[in-house]
S.K.: 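Below: one structure in structure tokens.
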Amino acid sequence: PLEMSAKKPVPFLRQVVSVKKKVHRDPRFDDLSGEYKPEIFMKTYSFLDSIKKQEKEVVQKQLKKCRDMEQKEKLQQLLNRMTQQEQAQKNQQKLRERELFLKRQQRELAKQGKKPFFLKKSEKWKLELAEKYAELKRSGKLESFLKKKRKRNAIKDKRRLPSQQNL
């Protein structure tokens, strides 16, 4: 800052050395970072899967050795979170592959000269549900799944019915 005489009154708007303000940029929304493509991202960071797998094995070993109940509970929660993340990633990958398959089919039909037909969200959901049922049937868990679903629906129906007190 400039040294000013104390005898002179300070001007209302005095010149101050301008300081450049830092501009923070978020790479998620910035064009400089490029376009996000999940396929390329998965290929680039595929080495993380092996690291996660090793970490999961370490946690499992620690869980077997652990005697303290609080520590054991924390490790169990961590292990559950890791397995859930792994399962979610697999599901996401399946969904991506299914969409790619549908896109390829549309391209083939377009090359043959046919008009492209795009599935609605509800139709995609039905296909996904059919695939899920087929998978459950293969693994032999269909009956237990349907039993749980029936129970859940029965509880929902019971909740929707008017209570006995109101009658």
Side-chain angles (χ1 to χ4, degrees), residues 1-66 68-136 139 145 149 152 156:
L2 291 170
E3 193 175 318
M4 299 185 94
S5 170
K7 296 193 169 44
K8 278 187 187 175
V10 179
F12 183 68
L13 296 170
R14 66 176 191 184
Q15 279 299 96
V16 181
V17 180
S18 61
V19 179
K20 283 191 176 179
K21 195 175 182 183
K22 277 189 179 179
V23 179
H24 297 285
R25 61 181 204 91
D26 193 340
R28 295 174 298 173
F29 309 112
D30 202 353
D31 290 334
L32 292 172
S33 302
E35 193 177 329
Y36 173 70
K37 294 180 183 172
E39 294 82 24
I40 295 170
F41 181 85
M42 292 302 291
K43 283 179 187 174
T44 309
Y45 294 101
S46 60
F47 67 93
L48 288 176
D49 294 334
S50 60
I51 294 170
K52 284 180 184 177
K53 204 173 193 177
Q54 288 172 352
E55 286 178 353
K56 189 177 175 184
E57 288 170 4
V58 168
V59 170
Q60 284 174 334
K61 286 177 184 175
Q62 285 179 347
L63 188 65
K64 284 181 183 177
K65 290 178 184 177
C66 189
D68 184 29
M69 289 304 286
E70 286 183 29
Q71 185 68 20
K72 201 169 192 175
E73 198 173 297
K74 284 182 181 178
L75 286 171
Q76 188 62 47
Q77 285 177 348
L78 179 64
L79 188 66
N80 287 344
R81 193 173 76 223
M82 286 173 142
T83 51
Q84 284 175 350
Q85 284 176 347
E86 195 177 294
Q87 194 64 38
Q89 194 175 12
K90 282 180 184 177
N91 289 342
Q92 218 172 18
Q93 185 64 29
K94 273 186 182 179
L95 189 70
R96 231 180 271 121
E97 285 173 3
R98 191 181 306 118
E99 284 180 5
L100 280 171
F101 175 74
L102 289 171
K103 281 183 181 178
R104 283 190 198 115
Q105 276 186 334
Q106 293 306 321
R107 282 194 202 114
E108 289 298 318
L109 289 172
K111 282 180 184 177
Q112 292 172 8
K114 294 181 180 174
K115 195 174 181 183
F117 172 75
F118 299 101
L119 290 172
K120 292 182 211 165
K121 204 174 191 179
S122 60
E123 290 170 347
K124 284 181 185 177
W125 181 76
K126 284 178 186 174
L127 284 172
E128 191 176 321
L129 197 64
E131 195 174 297
K132 184 179 179 182
Y133 274 80
E135 179 65 37
L136 286 168
S139 63
F145 175 78
K149 199 153 184 75
R152 250 184 272 136
K156 281 182 185 177

S.K.: Write out all pairs satisfying salt bridge (charged side-chain N to carboxylate O under 4.0 Å, His left out) with one or both partners inside residues 32-60, taking only residues at least two apart or from two chains.
M.R.: Lys56-Glu86

S.K.: Return the set of residues passing ring-ring contact (aromatic ring centres under 6.0 Å, His included) with Tyr36 (not counting sequence neighbours), or none when no residue passes.
M.R.: Phe41

S.K.: Take atom OH of Tyr45 as the centre, draw a 6.0 Å sphere, and report whether it contains more than 12 heavy atoms from other residues, nucleotides or ligands.
M.R.: no

S.K.: Indicate yes or no: at least one non-hydrogen side-chain atom of Leu75 is less than 4.5 angstrom from one of Leu79.
M.R.: no

S.K.: For Phe118, give me all partners under side-chain contact (heavy atoms from CB on, under 4.5 Å), at least two apart in sequence or on another chain.
M.R.: Gln106, Pro116

S.K.: So, using side-chain contact (heavy atoms from CB on, under 4.5 Å) as the criterion, who are the partners of Arg25 when residues are at least two apart?
M.R.: Asp30, Leu32, Ser33

S.K.: Can you tell me how far CD of Gln105 sits from CG of Leu100, rounded to the nearest 0.5 angstrom?
M.R.: 12.0 Å

S.K.: Could you grab the distance from atom CE of Met82 to atom CD of Gln60, nearest 0.5 Å is fine?
M.R.: 9.0 Å

S.K.: Using the test salt bridge (charged side-chain N to carboxylate O under 4.0 Å, His left out), find all partners of Arg152 that sit at least two apart in sequence or belong to another chain.
M.R.: none

S.K.: If you measure from CE on Met42 to CG on Leu48, what distance do you get to the nearest 0.5 Å?
M.R.: 9.5 Å

S.K.: Test of understanding: with side-chain contact (heavy atoms from CB on, under 4.5 Å), list the residues that count as partners of Lys72, not counting sequence neighbours.
M.R.: Leu63, Cys66

S.K.: List for me each residue that meets salt bridge (charged side-chain N to carboxylate O under 4.0 Å, His left out) alongside Asp68, sequence neighbours excluded, and say none if there are none.
M.R.: none

S.K.: Who are the side-chain hydrogen bond (donor to acceptor under 3.5 Å, both in side chains) partners of Arg96, not counting sequence neighbours?
M.R.: Gln93

S.K.: What side chain to side chain donor-acceptor pair (under 3.5 Å) pairs are there with at least one residue in residues 108-128, not counting sequence neighbours?
M.R.: none

S.K.: By side-chain hydrogen bond (donor to acceptor under 3.5 Å, both in side chains), which residues pair with Glu135, not counting sequence neighbours?
M.R.: Arg138

S.K.: Go through the structure and list residues passing salt bridge (charged side-chain N to carboxylate O under 4.0 Å, His left out) with Glu131, not counting sequence neighbours.
M.R.: Arg98

S.K.: Determine which pairs satisfy side chain to side chain donor-acceptor pair (under 3.5 Å) with at least one residue from residues 75-84, sequence neighbours left out, and list them in order.
M.R.: Gln76-Asn80

